[in-house]
Amino acid sequence: MREKLLQKKYLFIVVLMIAMMSIFCGCGGPEQQETATPDDEAVTVFEEYISEIERYETPDGIFREENRYVMVDGDFKADIVYPVTGNEGVDREILSYVQHAVSRYNREAGGNIAELTMKYEGYIVNKQYMGVKMTGVFDGPFMAHPEDILKTFNGMADGGIVKIGDVIAAESREELIEMTADATGADHSLIDDGFLDNWNLTGRGLEITLERGKYGPMSDGTRSVLFTYAELGSRMTADIDTRKTIRNETTEQITAPADKVTVPELQRPDPDKPMIALTFDDGPGAYTDRLLDIFQEHGGQATFFLLGNKIDKRPETVQRMIEEGHEVAGHSWSHKELTKLTDKEIRSQLVKTNNKINELTGLTPVIMRPPYGSYNDNVRAVAKKLGLSAINWNVDTLDWKYKDADYVYDAAMKKLKDGNIILFHDIHPTTVDAMEQVIPALIEEGYQLVTVSQLLTADGSEIVPGALYYNR
Ligand code: ZN
């Protein structure tokens, strides 16, 4: 009896240990039952449609996550990647479409070897509209030719479904059909009510796609036409500011520079003379233009670490910075402490800001200042990938704290040294007041007032992506 009790107790402990081990090793999630394909990619085999879905974040997608649905039923195989957009209506439509497509093509395969594959493209336009275009192929040796699959979904970014009648004026519908038919070479006699069914607002314009074989010969393939927003003009009822168009908000690569603002040829600083970099954070603000006036009067350049979400309020000020030879760089989009964010969020904070600067000036900064100077290995890794290095400071004027021009002046002039990077905030009038004295005083002391990039490269050094600088 006692032995049996002990055995029971022992069994309980073993079970408990196994349970704990599986918790600690993080393998307590849904088990993957079988591997259906020979490649390394884990593919879960499902007994029933949509019984389980492989769900993962999409580092390169525009939506929060995407699902991969893989089903093997005898000789029929479906492999479908579709997004979770966050718009409930659109997500419901997509899921229902995927389910129906799987059962319909499985039925059509009728026990023959066949494969259904689908992927998608996603669009977010103006932060207002979002769309998904799913394309795919259904194919098998029993078929005369593969069947192309096409289906689009559209909604408002913050919820709700959007129909083409919501973006194109009713009286322009016929004209749009004509324009589409002409551009795609569609057979006019085949045009039906569903002719404009597959459309998306994209970063460049309205795209209309025609199913293969439906409005022309199969040999034409799937045809699409893109009408730019400018081209559509008043035919559009949707207000699309193309300058604000984003195709890929969170993961867009930093756009290539395109010259928009004339950048003056700056005199290279004399490497043998002392130099200091004055840096201004959190702007552009209400006093920034006055600060630019002071620089104009006395000479010298500065570096402005801007908040991305403030740039649209004062675009002329930012352009003026560039035109007058100052350096413009990012200080995150919304002053979030980057060390507390996920990699994806860090990336978004940095990329959005740089893209905003690029949009306005044609320049792409290679340096940035992390809010609060907070930097760690995560932030470093993201910054490095983006080709950005981080700039902190070795002289803090505490101008934000004391808001006193004399205090700021003393703090800036106290530890004068060649290679200093001094921190100010141009959003405080007292700081700009202080600069009336600081700028001429530094020049008087023999310092060249240079941008951070000039300071770090004056001796021929290169700025290293991912590296953190405090001074030179
Ligand atoms: Zn700041």
Side-chain angles (χ1 to χ4, degrees), residues 276-292 295 301-315 317-318 321-322 326-342 345-358 360-361 365-376 378-380 382-383 386 388-405 407-409 411-412 420-435 438 451-453 455-456 463 466-471:
I276 278 178
L278 305 180
T279 64
F280 297 88
D281 289 9
D282 297 355
Y287 314 100
T288 308
D289 274 296
R290 182 154 70 87
L291 176 58
L292 292 173
F295 274 108
Q301 260 71 48
T303 301
F304 291 90
F305 291 105
L306 308 178
L307 288 176
N309 66 7
K310 281 193 178 177
I311 292 174
D312 272 344
K313 287 188 194 113
R314 295 188 165 79
T317 306
V318 177
M321 290 169 182
I322 299 288
H326 303 291
E327 181 168 29
V328 168
H331 184 44
S332 83
W333 182 258
S334 54
H335 216 271
K336 293 257 171 70
E337 190 163 8
L338 301 180
T339 51
K340 294 185 175 155
L341 303 182
T342 65
E345 289 166 336
I346 298 167
R347 194 185 152 88
S348 167
Q349 286 279 328
L350 299 177
V351 169
K352 263 174 89 175
T353 306
N354 262 18
N355 282 351
K356 179 56 77 183
I357 291 170
N358 178 277
L360 199 62
T361 67
V366 294
I367 59 171
M368 62 92 175
R369 172 163 287 160
Y372 314 102
S374 292
Y375 205 60
N376 63 9
N378 275 353
V379 182
R380 181 190 307 276
V382 176
L386 295 171
L388 287 167
S389 46
I391 310 296
N392 278 350
W393 54 88
N394 66 337
V395 177
D396 187 350
T397 59
L398 296 176
D399 57 340
W400 56 273
K401 195 168 172 186
Y402 295 105
K403 293 190 184 131
D404 178 284
Y407 185 92
V408 175
Y409 177 87
N420 276 358
I421 297 177
I422 310 181
L423 170 64
F424 304 92
H425 299 79
D426 53 323
I427 52 171
H428 304 298
T430 42
T431 298
V432 178
D433 290 343
M435 298 319 289
V438 171
T451 68
V452 168
S453 291
L455 183 84
L456 297 178
I463 301 174
L468 172 64
Y469 298 88
Y470 297 92
N471 58 352

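Basis for what follows: all heavy atoms, side chains included, without hydrogens, waters or symmetry-related copies. Given the structure is predicted, the values throughout are model-derived calculations rather than measurements. For ligands, and for the atoms within them, numbers begin at 1 and follow the listed sequence.
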- Should the pair Tyr402 and Tyr407 be assigned to parallel (<30°), tilted (30 to 60°) or perpendicular (>60°) ring geometry? tilted
- Query: Taking only residues at least two apart or on different chains, which pairs with a member in residues 389-398 satisfy salt bridge (Lys or Arg N to Asp or Glu O under 4.0 Å)?
  - Reply: none
- Item | Note: Arg290-Asp433 ion pair, threshold 4.0 Å (strictly below) | yes
- Would the His335 and Tyr372 ring centres measure less than 6.0 Å apart? yes
- Would Lys336 and Ile346 satisfy side chain to side chain contact (heavy atoms under 4.5 Å, CB included), going step by step from the backbone distance to the final call? CA-CA 9 Å; Lys336 293 257 171 70; Ile346 298 167; over 6 Å; no
- Any donor-acceptor pair under 3.5 Å linking the side chain of Thr397 with the backbone of Ala412? no
- Taking 2.8 Å as the strict upper bound, the Zn ion (ligand 1) has protein N, O or S neighbours numbering 3
